[in-house]
Amino acid sequence: MDDEVPLRAVVIGSGVGGAAAALLLSHAGIPTLLAEKERRLGGSAAAYEKDGFRVDTGTHMLCRGEDGPLGDVLRRVGQGDAIAFRQSGEPAALCSAGAARGGRVALPADLRRLAASALDLARALELTPLEAARAARLLAHATAMRDVDLAACDDVTAEAYAARFLPRPAAAARLGGLLSLPLLLPGSEASAGEALLALRQLARSGRQSYPEGGAARVPDVFCRLARELGAAVRTGTAVRRVLVRDRRVRGVELEDGTTLSARIVVSTAGLASTVAELVGEPHFPEAYVARVRAMTPLPRQAQVKIGLRRRLAAAGALAGLGDGGAPALPFYCVAPTRFDPSLAPPGHELLCACAVSGASGGASPGAPPATADELLRALAGAVPGLLSEAVFVDVSPGDERGPARGPGGELAAGAAQTPGQVGRARPAVHTPVRGLYLAGRAAGGRGAGMELAASSAMECVDRILVDLGRDLGAPAPPALIDIAGDLLGRVAASTVSWVARPRG
């Protein structure tokens, strides 16, 4: 890059991906400005206060805590204990629509122990005994899969992958839908490789966590640490456009007309928005623009946040699946107060739920997005007494009225984790415009939710440092106990797989 432009980085957006990128860039000694257009930090991981509750703006997946990418970001800057992650003693639960037949099935925190719940799970999914054995084989394989095995499933939908084990279409659709819930996509659209990766990650972790203080604690801490390293973090500061000349970043122009020179810009605004609005398509090769236009974005999603007078969920997270010929709406719901009771008044409970976009039951691509009313009905069926005990119900429509939004924030832009958009086909964190990079849920990384955003940020900053000629150093060798645990997990999973193999 030209010497006339100072070595400065501008990060657009303060969600988990943007905040992590700003922290890592600052730690690398690069002067960094993080620009957030909203008045509060966090993007889709922001929070707001209401009636004594601290409510997450988004609906976030349970994570691996310090064992996953969120912990990796902190360890890279020598602050491994800066965020506390809590585990709940209560398992997650699968709620089938046919409550009289399937009801609620407890899913253990250590997913390698799913065999203990196999019978109840089979009933909830309405599987025959033979199908239940084959489903157990699929889950055992998923927890033991190598990276090369997962990559071979990237371009197959989760439903199609399930059909390899369960030839009956209805059974494959239900199991595919269950596998795809972490990606918030129906099984007919989600990448099997990405869905199985999320399952494998949680299974090997053996525990499910949530940040103490709520999801907003993650970007808040990342930004605080970035400030301590010299980064400037500005809220209420929107970037109007990225300044480019000769396909090189020169800086940014803010909404107030201020221009800032910079050699590096990291955008978390989404690939399509970055190319078409922040930079302008003429600055990119035609083939790149065509690829961006063809990308499938994250679908709009209905979200509901409910404050309850008493504890009703009896689970750290709930997943709802359709049933038979009249499927209900697939949804995911986390109860943050099951991990951190201080997020609500004493004895109260907070639920954050999101509908899986696509057709009812997740079997028909291209169906209209779910509405908040449909999501509320599905939640009321899964949690009896929900509406009568509600202190408040905050609704984000996710329908024709606009993208799903919560008070004080909006969902992050990203690329849907569908076949052709994951693994090697995932949009790269670097672009044809020199000095322009992408982070967050729009490019790079693997996994689900906040972990995907953090993974993307680390990949993005690594690429920036390589482009600057920095030596990343050799990765730290895995601890012996981690190696032993991984081997034991593989042996156990392989044993279950062999026992459950179909014999006919």
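What you are looking at is a predicted structure, and each value in this text was computed from that prediction instead of being measured.
With hydrogens and angles ignored, the 3.5 Å screen pairs no side-chain donor or acceptor of R40 with any backbone N or O of A46. Under the 3.5 Å distance criterion, the side-chain polar atoms of T57 are left unmatched by any main-chain donor or acceptor of S44. Within the 3.5 Å criterion, the main-chain N or O of E374 finds a donor-acceptor partner in the side chain of T371. The backbone N or O of V422 lies less than 3.5 Å from no partner atom in the side chain of S191, so there is not a single donor-acceptor pair. One N or O on the side chain of T157 and one on the backbone of A160 form a donor-acceptor pair closer than 3.5 Å. Side chain of T418 to backbone of E189: no donor-acceptor contact under 3.5 angstrom is found. Checking side-chain atoms of T431 against main-chain N and O of L436 turns up a donor-acceptor pair under 3.5 Å. Remark: the backbone N or O of S456 is not paired with any side-chain donor or acceptor of E459 at under 3.5 angstrom. At least one donor-acceptor pair closer than 3.5 Å links the side chain of S388 to the backbone N or O of G385.
Residues K305 and D56 are not paired through a salt bridge, judged by the lack of any N-O separation under 4.0 Å between the basic side chain and the carboxylate. The residues R446 and E194 are annotated as salt-bridged, a charged nitrogen and a carboxylate oxygen being separated by less than 4.0 angstrom. Ion pairing between E349 and R309 fails under the 4.0 Å rule for side-chain N and carboxylate O. The pair E451-R64 counts as a salt bridge, with a side-chain nitrogen and a carboxylate oxygen less than 4.0 angstrom apart. With respect to the salt-bridge test (charged N to carboxylate O, under 4.0 angstrom), the residues R146 and D149 qualify.
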Please walk me through it: do S267 and L278 pass side-chain contact (heavy atoms from CB on, under 4.5 Å)?
-> CA-CA 9 Å; S267 174; L278 288 177; 3.8 Å; yes
Could you go through the side-chain hydrogen bond (donor to acceptor under 3.5 Å, both in side chains) check for Q87 and S209 one step at a time?
-> CA-CA 5 Å; Q87 290 82 43; S209 305; 2.7 Å; yes
Full working for side-chain contact (heavy atoms from CB on, under 4.5 Å) between L74 and I83 | CA-CA 8 Å; L74 294 172; I83 299 175; 3.9 Å; yes
Evaluate the side-chain contact (heavy atoms from CB on, under 4.5 Å) criterion for residues L70 and V16: first the C-alpha distance (whole Å), next the side-chain angles of each, then the deciding distance (0.1 Å), finally the verdict.
-> CA-CA 9 Å; L70 300 174; V16 171; 4.0 Å; yes
Could you walk me through whether L138 and L179 pass the side-chain contact (heavy atoms from CB on, under 4.5 Å) test, one step at a time?
-> CA-CA 11 Å; L138 181 155; L179 294 174; 3.9 Å; yes
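Separating the CZ atom in R168 from the OG1 atom in T128 is a distance of 6.5 Å, to the nearest 0.5 Å. Remark: L41 CG to S14 OG distance equals 4.5 Å, nearest 0.5 Å. Interatomic distance, CG of L24 versus CG of D72, reported as 10.5 Å (0.5 Å rounding). Between C63 atom SG and L452 atom CG the span is 13.0 Å, to the nearest 0.5 Å. To the nearest 0.5 Å, the span separating CG on D340 from OG on S88 amounts to 11.5 Å. With rounding to the nearest 0.5 angstrom, the CZ atom of R137 is 11.0 Å from the CG atom of L166.
Proximity of M295 to P427: side-chain heavy atoms (C-beta onward) are separated by under 4.5 Å at one or more points. Side-chain atoms of L175 and F165, non-hydrogen and from C-beta on, never get closer than 4.5 Å to each other. Contact of the F331 side chain with the L181 side chain is not registered, since no non-hydrogen atoms from C-beta on lie closer than 4.5 Å. Proximity of F284 to V279: side-chain heavy atoms (C-beta onward) are separated by under 4.5 Å at one or more points. Looking at L62 and F339, their side chains come closer than 4.5 Å, going by heavy atoms from C-beta outward. Within the 4.5 Å cutoff, side-chain heavy atoms of V266 are placed close to those of C460. Residues P341 and R86 form a side-chain contact, since some pair of their non-hydrogen atoms from C-beta on lies under 4.5 Å apart. Between F392 and V55 there is a side-chain heavy-atom pair separated by less than 4.5 Å.
Surrounding CD of E49 are more than 12 heavy atoms belonging to other residues, nucleotides or ligands, all under 6.0 Å away.
Closest approach of F222 to A19, counting heavy atoms only: CB-CB, 3.7 Å. Here the closest non-hydrogen pair linking A442 and L271 is CB-N, 3.8 Å. G43 and E36 make their closest contact through N-OE1, 4.4 Å (heavy atoms, listed as atom of the first residue, atom of the second, distance). Scanning both residues, A216 and R54, for their nearest heavy atoms gives CB-NH2, 3.7 Å. Nearest heavy atoms, A428 versus A443: O-CB, 3.5 Å. Of all non-hydrogen atoms in D155 and G420, the two that sit nearest each other are OD1-N, 3.1 Å.
Of the options L318, L351, L386, a side chain to side chain contact (heavy atoms under 4.5 Å, CB included) to L379 is made by L386 and by none of the others. When M458, M450, Q201 are each tested for a side chain to side chain contact (heavy atoms under 4.5 Å, CB included) with P69, only one passes: M458.
A donor-acceptor contact closer than 3.5 angstrom links the side chains of Q303 and T59.
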